[in-house]
Structure formats: structure tokens, C-alpha cells
Amino acid sequence: MGKPVREYLLTLCVTAAVTYLLTGPVRKFAIVAGAMPEIRARDVHREPTPRLGGIAMFFGLCAGLLVADHLTNLNQLFERSNEPRALLSGAALIWLIGVLDDKFEIDALIKLGGQMIAAGVMVMQGLTILWLPIPGVGSVALTQWQGTLLTVALVVITINAVNFVDGLDGLAAGMVCIAAAAFFLYAYRIWYSYGIEAAAPATLFSAILMGMCLGFLPHNMHPARIFMGDSGSMLIGLVLAAGAISVTGQVDPDALKLFAGSEKEAVHQTVPVYIPLLLPLTIIAVPAADLILAIVRRTWRGQSPFAADRGHLHHRLLEIGHSHSRAVLIMYFWSALIAFGALTYSVNSASMWIVLSVVILSTLGLILLLLPRFTPRAPRWAEAVVPPRYRRRRAPAAVTEPSAPAAGGVDAEEAEERTPVAAGVSGVNGATAVGSRARLGDRPRPR
């Protein structure tokens with residue numbers, strides 16, 4: 001167990017390092033190449049920011065695959081399977097389309113056609129869904145056309161779901177990294193615990209995907225110095241879909257041999273194991289929900305489903321008063337809750353009460369996060385052990401000039417807390433679930 005884990009960690013670290021080191025030069029190249037589009041009405045950022053961050057992510061992917069090909073244990077994967085080469089071919093095509101879009105803003109239908117072609121290239125090289133485990137039926141073998149159509153649909157939906165959620169600094173990279181971590185734990189468990197070699201490619205893809213996201217995040221966190229653009233969002237969406245297709249359509253459920261009896265009974269019993277990966281939409285449920293809501297909303301208004309707007313989930317979080325960083329953390333929270341909740345259920349479906357307890361507690365925490373005007377205050381006896389932002393404000397001992405009383409007899413502190421803060425302005429960072437950050441002038445000076 002030790003050697004494969006070390007090799008996966010080495011691959012992850014090399015991918016992250018290459019992505020991180022190349023992002024700076026890529027940023028300078030994007031500025032010189034003019035890949036800095038003007039700020040649009042739906043954009044959240046205020047200053048023109050270069051795109052083309054996907055260039056660094058793609059070379060990180062190539063470096064990860066190259067290192068894995070020269071490692072003792074992972075090298076066998078390249079000899080037995082053609083899936084890594086299929087992934088690289090599809091990734092190169094979708095990356096080129098994304099680079100052209102970041103520079104020249106190509107038509108949405110052309111991008112959709114390119115996504116389908118990239119998925120078809122992977123199918124032609126063997127990365128496709130061969131069968132599906134269906135409860136009460138067993139392993140259903142798919143025809144070539146059925147497997148191709150399902151694979152293409154899965155790739156296109158996942159790419160666009162990730163692309164739709166790429167609206168805030170660090171949002172898409174962080175959410176996909178969370179999904180990739182859940183994928184890695186699941187696929188490694190299937191590969192190592194049950195000795196199923198068909199799950200090894202998905203494990204490698206997940207490790208590389210984590211490295212791509214982790215290497216790019218330091219440059220993309222708010223305030224972002226560079227955006228990944230479509231060249232990055234479509235690329236990580238394709239890699240995520242490739243891992244799901246590999247572990248879902250290539251691993252025979254009956255090979256797990258978890259339960260005695262017929263294949264039909266085995267598949268029925270192991271459904272919880274396959275629920276998280278039959279469709280990657282259960283892992284990236286938040287961007288998938290955002291995608292569906294956006295299509296319904298735009299169609300209802302008589303617009304094209306590809307017409308951009310400011311109705312995404314992250315935009316709504318900003319509108320109700322959350323700061324940019326807090327909105328991103330809330331989206332991270334949702335993604336981690338769904339991804340690792342599904343992973344926990346797949347490990348042991350009998351412990352449903354544990355999963356339900358975690359979900360209930362997490363929901364309560366999420367409700368508190370969604371109250372941007374709620375300002376918790378610690379009791380007097382606990383003020384010495386809590387951060388200053390949770391302490392009750394005391395009136396100054398001496399006031400040189402009396403300030404004007406607040407309207408309606410409300411003291412200044414309460415009037416300040418009731419003052420609405422517009423989303424998208426610089427002061428919105430104070431409108432969080434744990435209250436406004438104390439300004440420098442508000443902090444008591446040491447005597």
C-alpha cells in the first residue's frame with residue numbers, strides 16, 4: 001500500500017508544482033497577447049484580469065502523466081490501459097478550443113461541438129462506458145452506440161456544469177478539487193482493497209486533477225491575479241468526467257464479490273457504492289443544479305440557454321450580503337457536504353444514522369452561514385477567550401465631541417448593524433455570518 005500511495009502523492013505534487021510555477025509566466029503572456037477582456041455587466045471583478053490560466057493547468061496535466069509513466073507501479077497502468085492516452089488526446093483538443101475562446105470569444109455552439117468531438121476522441125481510444133450496474137437487474141451491457149452517446153452526454157454535461165460555476169475567484173478550482181479528492185478516495189479503495197486494476201486509471205486521473213487545482217488556486221484566490229478561463233474550466237471538467245467514466249463503465253460490479261448470491265443480488269447490494277459515480281452530477285451537484293436552474297431561467301425568459309446572466313447561485317450569495325470570500329466558502333461547504341456524504345454512504349450504507357447526523361449538523365451550520373446579518377456576541381465571562389470580533393463593544397470612557405444621536409433613539413452600534421450593505425462594493429466584506437470586521441479606528445488602543 002505504501003509505494004502506490006507515495007507514487008500518487010509524488011504525481012500530485014509534481015502536477016501542482018508545475019501548474020503553480022507556470023501560472024506566473026502564463027499571466028504575463030496573457031497580458032501581452034491581449035487575453036484581458038473588458039469587464040462585462042455580469043462580472044464580479046472590477047479590474048481587467050488576464051485569462052488563459054488553463055495553459056498552466058494543461059502543462060501540469062502533461063507533467064503528471066509523464067511522471068506517472070516513469071514510476072515503477074504506475075508505469076504498469078500505461079502498459080495495460082490506453083485510457084491515459086485517451087484522456088491526454090481529449091484534454092488537448094478541449095484545451096485548444098478553450099484557448100481560442102479565451103482570446104477570440106468563439107460562438108457557444110462551436111464550443112459545444114468541440115466538446116462533443118473531444119468526448120468522441122476519448123471514446124475512440126477506449127475511454128467509454130461499457131456497462132452500467134442497475135438495481136434489481138444486474139450489469140447491463142451497452143451497445144457501442146449506447147455507450148458512445150452516454151459517454152459524450154456525461155462529458156458535455158460535466159464540462160458545462162464546471163464552466164457555469166466558474167464565476168468567482170477560486171470557486172471552480174476549489175469545488176473541482178473537493179470532488180477530485182472524493183473521487184480519489186473512492187477509486188483507490190476499489191483498486192487497492194478489492195484488487196481491481198480497472199480502477200487504477202480513475203485513481204491517477206483524480207490525483208492529477210487535484211494537483212492541477214491546488215497549483216492554480218494560490219494565483220486564483222480573491223483577489224485573483226489570473227483567471228483559468230474556458231481553457232481551464234473545460235479542461236478540469238473533462239478530466240473529472242473521464243475519471244467518472246473510467247471507474248463507472250470499466251469496473252464490473254460483480255468483480256467486487258462483496259456479497260454471495262447471484263449477480264443481480266450483488267449489484268442490488270452494492271448500489272450505494274455506485275451511486276456517487278454513476279453520474280458525476282452527484283459529486284458536483286452544486287454546479288449541476290446551477291446549470292439546470294440557469295437553463296430553466298433563461299428559457300423561461302425567452303433567452304438562449306447559453307446567454308450569460310447574473311442569476312447564478314454565487315451571484316445570489318453576493319446579493320444577500322455575503323462577501324466574495326464567504327460566498328466561495330459556502331459553495332465549498334455545499335460541495336464537500338455532498339461529495340464526502342456520498343462517499344461515506346458508499347463505504348458503509350448500513351450506518352445511515354451516522355450520515356443523517358452529519359447532514360443535519362452540517363445543515364445547521366450552513367443555515368448560520370446563510371445569515372449575513374447575524375452577529376453572534378459572546379457572553380461577558382467568555383470575552384477573554386474569544387476573538388475581538390465576537391466581544392461586545394464598550395462605550396468609550398471619554399468623548400470629546402458628542403456625536404449626533406441615531407434616528408429613532410437607536411444607538412450608533414445598532415444603527416450601524418442595521419445599515420444595509422450593497423453587494424459588490426468594497427465594504428461588503430463585513431457583511432458576513434459572523435458580523436462585520438472591526439476597522440482599525442474601532443479597535444481600542446493599548447494604554
Side-chain angles (χ1 to χ4, degrees), residues 81-98 106-164 176 179 183 187 198-199 201-202 205-206 209 230 233-254 263 267 271 273-285 287-292 294-296 299 304-306:
S81 174
N82 197 45
E83 293 184 14
R85 300 175 184 84
L87 170 66
L88 184 59
S89 302
L93 181 57
I94 203 69
W95 172 70
L96 288 175
I97 296 173
I106 63 178
D107 187 73
L109 292 179
I110 297 178
K111 287 195 295 183
L112 180 62
Q115 295 167 7
M116 298 175 67
I117 294 175
V121 169
M122 293 195 301
V123 170
M124 292 176 60
Q125 300 190 50
L127 186 56
T128 182
I129 297 178
L130 301 178
W131 53 69
L132 286 177
I134 299 179
V137 178
S139 296
V140 177
L142 302 178
T143 64
Q144 182 178 359
W145 280 106
Q146 291 174 339
T148 300
L149 291 177
L150 185 58
T151 302
V152 171
L154 194 59
V155 171
V156 171
I157 291 174
T158 306
I159 288 176
N160 286 281
V162 175
N163 194 20
F164 269 53
V176 172
F183 260 99
F205 297 165
S206 302
L209 183 57
D230 282 1
S233 62
M234 293 197 300
L235 175 64
I236 60 178
L238 181 135
V239 179
L240 182 61
I245 291 169
S246 177
V247 79
T248 303
Q250 304 288 333
V251 177
D252 186 0
D254 195 44
E263 179 184 358
V267 172
V271 165
V273 179
Y274 282 86
I275 286 178
L277 296 173
L278 284 177
L279 289 177
L281 302 184
T282 56
I283 291 287
I284 53 171
D290 195 13
L291 170 65
I292 296 173
I295 293 176
V296 173
T299 306
S304 169
F306 302 100

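Heavy-atom basis, side chains included; hydrogens, waters and symmetry copies ignored. Start at 1 with the first residue, then count along the sequence. Treat the numbers as computed from the prediction; the structure is a model and nothing was measured.
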### Residue pair I97 / G114: nearest heavy atoms and the distance that separates them
CD1-CA, 3.2 Å
### Task
Grab the two heavy atoms, one from S89 and one from V121, that are nearest each other, plus how far apart they are.
CB-CG1, 3.7 Å
### Query
To the nearest 0.5 Å, how far apart are CD1 in I106 and CG in D230?
8.0 Å
### Query
For A199 and V247, which heavy atoms make the closest approach, and how far apart are they?
CB-CG2, 4.3 Å
### Query
Looking only at heavy atoms, which two atoms of G237 and T158 are closest? And how far apart?
O-CG2, 3.5 Å
#### Entry: Under 3.5 Å: donor-acceptor pair, side chain of S246, backbone of A242
no
### Message
Are L238 and V155 packed together at the side-chain level, in the sense that at least one heavy-atom pair is separated by less than 4.5 angstrom?
### Response
yes
### Query
In Å, rounded to the nearest 0.5 Å, how long is the span from CD1 of I117 to CG of L112?
10.0 Å
### Query
Looking at side-chain heavy atoms only, is the closest gap between M122 and T151 below 4.5 Å?
no
## Note on the structure
So OG1 of T143 and CD of Q146: to nearest 0.5 Å the spacing works out to 3.5 Å
### Query
How long is the span from the OG1 atom in T128 to the CG atom in L150, to the nearest 0.5 Å?
8.0 Å
### Task
Please report the shortest heavy-atom distance between V239 and F205, naming the atom on each side.
CG1-O, 4.0 Å
### Query
Closest heavy-atom contact between S81 and R85?
O-NH1, 3.3 Å
### Message
If we ignore hydrogens and angles and just use 3.5 Å, is the side chain of S233 paired with the main-chain N or O of V162 as donor and acceptor?
### Response
no
### Task
Report the distance from atom CG of N163 to atom CD1 of I236, rounding to the nearest 0.5 Å.
9.5 Å
## Note on the structure
d(N82 CG, M124 CE) to nearest 0.5 Å is 11.5 Å
### Task
Decide yes or no for L154 and I129: does some side-chain heavy atom of the first lie under 4.5 Å from some side-chain heavy atom of the second?
yes
### Query
Can you check whether I94 reaches Q115 side chain to side chain, under 4.5 Å on heavy atoms?
yes
